[in-house]
Structures are given as structure tokens and as C-alpha cells.
A.B. asks: 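Below are the C-alpha cells for one structure; questions will follow.
None of the values given here were measured: they were computed from a predicted structure. No hydrogens, no waters, no symmetry mates; every other heavy atom, side chains included, goes into these values.
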Amino acid sequence: MVNKDITFNADALLLGIGIMELPMNCVVVISEGIAKVRELPEHGEYRIVTHQGKIKRMRREEGEEF
């Protein structure tokens, strides 16, 4: 599982993330000058909870077919 936090300058026009080091299926979330890369679960959901327009929590929920 890949969990990566990237701090960047909010004035920058580009966010440099090397795609070779990213997993095949992932999500990049940017909030208040911080970018977070999270690998998506094989079977499940990734929920992003916000409060007053800001990201409060990122929750990974996994499941398995029976």
C-alpha cells in the first residue's frame, strides 16, 4: 500500500509527481498546500470527508465478495 504526502508551494503552477513511482490505481487529493497520494483498495471504497470546504478525513473501506 502506498501512502505518500507531498508538500508544495501553493503559488506553483505545477505539481511534480513521478508516475513511475505511483501505483497503477491511486487517487491524488490536494487541500491547503498538501497533496496526498493513496493507493485504491482491491475491493472497496475510499471516502473523502470534508468540513467547511476543507478535507477533514480520508477513509479506506475494504470488502470481500463471499
A.B. asks: Would Val37 and Val27 count as a side-chain contact (heavy atoms from CB on, under 4.5 Å) here? Give the steps.
C.D. replies: CA-CA 6 Å; Val37 177; Val27 63; over 6 Å; no

A.B. asks: Who passes salt bridge (Lys or Arg N to Asp or Glu O under 4.0 Å) against Glu62, sequence neighbours left out?
C.D. replies: Arg60

A.B. asks: Considering only residues two or more places apart or on different chains, which pairs with a residue in residues 49-58 satisfy salt bridge (Lys or Arg N to Asp or Glu O under 4.0 Å)?
C.D. replies: Glu32-Lys54

A.B. asks: Test of understanding: with side chain to side chain contact (heavy atoms under 4.5 Å, CB included), list the residues that count as partners of Glu42, not counting sequence neighbours.
C.D. replies: none

A.B. asks: For Pro41 and Glu61, which heavy atoms make the closest approach, and how far apart are they?
C.D. replies: CG-O, 4.2 Å

A.B. asks: Report yes if some heavy atom in the side chain of Met58 is under 4.5 Å from a heavy atom in the side chain of Arg47; otherwise report no.
C.D. replies: no

A.B. asks: Ignoring hydrogens, what is the shortest heavy-atom contact between Val29 and Ile48? Give both atom names and the distance.
C.D. replies: CG2-CD1, 3.6 Å

A.B. asks: Distance check, rounded to the nearest 0.5 Å: Arg59 atom CZ versus Tyr46 atom OH?
C.D. replies: 11.0 Å

